[in-house]
Number of protein chains: 2
Amino acid sequence: MELRNTPPRTSLSEYVLAVLREKIATGELAPGQHLREMELAAGLDVSRGPVRDALALLESEGQVEIKRHRGAFVSVLTQVDVEEVHTFRAAIESLAAERAATRMTPAHFAELDRVLDAMKETSGSVAPQEAVRLDLAFHDVLYDAADHQRLSRAWISIRSQVFFFLHTRNVNFPDFPTVGYPEHHDLRMALAKGDPAVARAAAEEHLSGAYTRLRQLELPTESDRPR
Amino acid sequence: MELRNTPPRTSLSEYVLAVLREKIATGELAPGQHLREMELAAGLDVSRGPVRDALALLESEGQVEIKRHRGAFVSVLTQVDVEEVHTFRAAIESLAAERAATRMTPAHFAELDRVLDAMKETSGSVAPQEAVRLDLAFHDVLYDAADHQRLSRAWISIRSQVFFFLHTRNVNFPDFPTVGYPEHHDLRMALAKGDPAVARAAAEEHLSGAYTRLRQLELPTESDRPR
DNA sequence: ATCCGATCGATTGCAGACAATCGACATCGC
DNA sequence: GCGATGTCGATTGTCTGCAATCGATCGGAT
């Protein structure tokens with residue numbers, strides 16, 4: 001029962017949402033775990049209201065499953081989910097790349113290059129978390145440049161799951177830092193051409209590579225899903 | 001303060017959500033209108049809680065905009081939104097068609113044909129609402145056959161807006177009933193071929209036609225958006 | 001007359017209490 | 001022994017009250 005050091009410039013719901021997203025993405029809240037509203041509320045020193053709001057949003061993103069009168073459970077992600085997330089992401093990110101190709105501003109390119117430099121420097125030795133953060137930061141810029149609210153929303157809705165998959169993979173196969181830079185660099189150069197078709201193709205290529213690596217993961221099968 | 005005739009077999013939140021979706025889609029709640037929690041709660045004879053839940057979800061779908069301490073406002077859809085919804089829908093529905101091509105069951109085809117028959121029969125004279133309902137019902141089957149949770153969620157998140165656009169257009173240009181049947185019939189035949197590439201192409205063709213018709217709509221411009 | 005600031009009302013954000021519902025366990029009947 | 005059934009505890013669904021915050025309005029100064 002201590003004061004939060006961050007005076008809520010933002011609503012408590014968003015605060016709770018951010019914390020839960022983080023804890024689920026890093027696995028601190030394990031898949032299948034039962035999330036009790038009162039426990040969470042007590043732990044974060046808020047009431048159940050904001051916690052409920054956050055959980056409801058997480059459910060709409062598929063991060064948790066809410067069963068009536070039973071509570072929220074962290075979604076158990078299976079090989080099927082890897083495939084779903086990948087195909088879905090390919091669909092929306094192709095479009096994002098297409099649009100970004102003709103909408104990228106100098107500021108966007110500067111930000112991309114900043115991220116790329118960081119990838120290059122940390123190549124070889126970097127905490128998995130940080131590598132994933134850079135990866136996602138790159139794609140965040142892409143969606144921002146696409147200037148498409150619904151696309152951005154869709155990206156946000158799978159972003160944490162992409163984080164989870166990449167993170168899990170990097171922990172098990174720490175080769176990402178070496179392949180991360182060149183692949184993203186290629187995509188950046190394609191975007192610079194300003195041709196939607198070229199950008200789309202590059203995005204599809206990039207995601208295809210990422211998916212190939214992700215398939216190495218050993219995840220629960222569909223039958224392990226809690227009923 | 002009278003009893004609801006529907007005993008809540010489902011949670012009140014979902015009940016409120018369904019009602020609000022309907023009222024927004026049909027325009028009973030006008031774009032830009034200020035939605036006060038207490039008013040809605042009183043009107044639906046529930047407390048503010050479920051109303052809050054429903055509004056939060058609608059915001060995540062872009063149906064309403066929530067401003068801190070000011071309340072929820074029905075989103076003002078502009079020409080930009082027509083374009084966003086169209087491009088987004090094209091992205092996800094192409095994927096849905098691709099997947100459905102190899103996953104359609106006899107039951108799915110039967111359902112499609114049922115909808116198509118209804119379209120054929122009502123051709124020429126039918127209430128705009130009903131025409132749109134059939135249109136969406138057709139695509140609902142498509143997403144169901146695609147068997148992809150995240151795709152379905154994405155579809156649901158823009159479904160009401162598609163409804164709104166189609167409905168508005170049909171009221172102004174009542175030619176849909178005549179073009180609706182053949183276009184959907186084409187798509188159905190393409191799906192029957194069982195080839196993902198063919199199905200994707202047909203879906204893109206279909207959506208392209210729909211977008212062309214939608215562009216005739218006169219909608220508010222971006223500058224009319226409430227600040 | 002216009003611009004700026006303080007006050008006020010309206011509305012939401014959050015908290016806590018009560019009631020409905022679900023699953024688990026024990027008990028009963030076969 | 002096994003299955004069905006009733007009861008109970010735990011947890012969420014819903015409701016109401018209070019306080020924080022925002023925008024509007026009014027008043028004053030320039």
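To find a chain, count down the sequence lines: A is the first, B the second, and so on, and within it residues start at 1.
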Anything under 3.5 Å between a donor and an acceptor, one on a side chain of residues 52-59 of chain A, the other on a protein residue two or more places apart or in another chain? List them.
residue	atom	partner	partner atom	Å
R52(A)	NH1	E37(A)	OE2	2.9
D53(A)	OD2	S13(A)	OG	3.4

Can you pull the ring-ring contact (aromatic ring centres under 6.0 Å, His included) pairs that have at least one residue in residues 20-68 of chain B, sequence neighbours excluded? H34(B)-F73(B)
Atom CD of E14(B) and atom P of dT21(C): how far apart are they, to the nearest Å? 15 Å
Where do N or O atoms of nucleotides 10-12 of chain C meet protein N or O atoms at under 3.5 Å, pair by pair?
residue	atom	partner	partner atom	Å
dT11(C)	OP1	R36(B)	NH1	2.9
dT12(C)	OP1	L35(B)	O	3.4
dT12(C)	OP1	E37(B)	N	3.0

Could you tell me whether the phosphate oxygens of dC14(C), OP1 or OP2, come under 4.0 Å of any side-chain nitrogen or oxygen in S13(A)? yes
To the nearest angstrom, how far is L12(B) atom CG from dT12(D) atom P? 18 Å
Output every pair passing ring-ring contact (aromatic ring centres under 6.0 Å, His included) with a member in residues 137-156 of chain A, not counting sequence neighbours, ordered by first then second residue. F138(A)-H184(A), H139(A)-H184(A), H139(A)-H206(A), Y143(A)-W155(A)
Take atom CG of L55(A) and atom P of dG13(D), then tell me their distance rounded to the nearest Å. 10 Å
Non-hydrogen side-chain atoms of V162(B) and R159(B) separated by less than 4.5 Å: no
What is the distance, rounded to the nearest whole Å, between atom OH of Y15(B) and atom C1' of dT14(D)? 15 Å
Would you please name every residue forming a ring pair (Phe, Tyr, Trp, His ring centres under 6.0 Å) with F164(A), sequence neighbours left out? none
Please list all pairs meeting side-chain hydrogen bond (donor to acceptor under 3.5 Å, both in side chains) that have one or both residues in residues 102-117 of chain A, counting only residues at least two apart or in different chains. T105(A)-H108(A), H108(A)-D144(A), E111(A)-R114(A), D113(A)-R188(A)
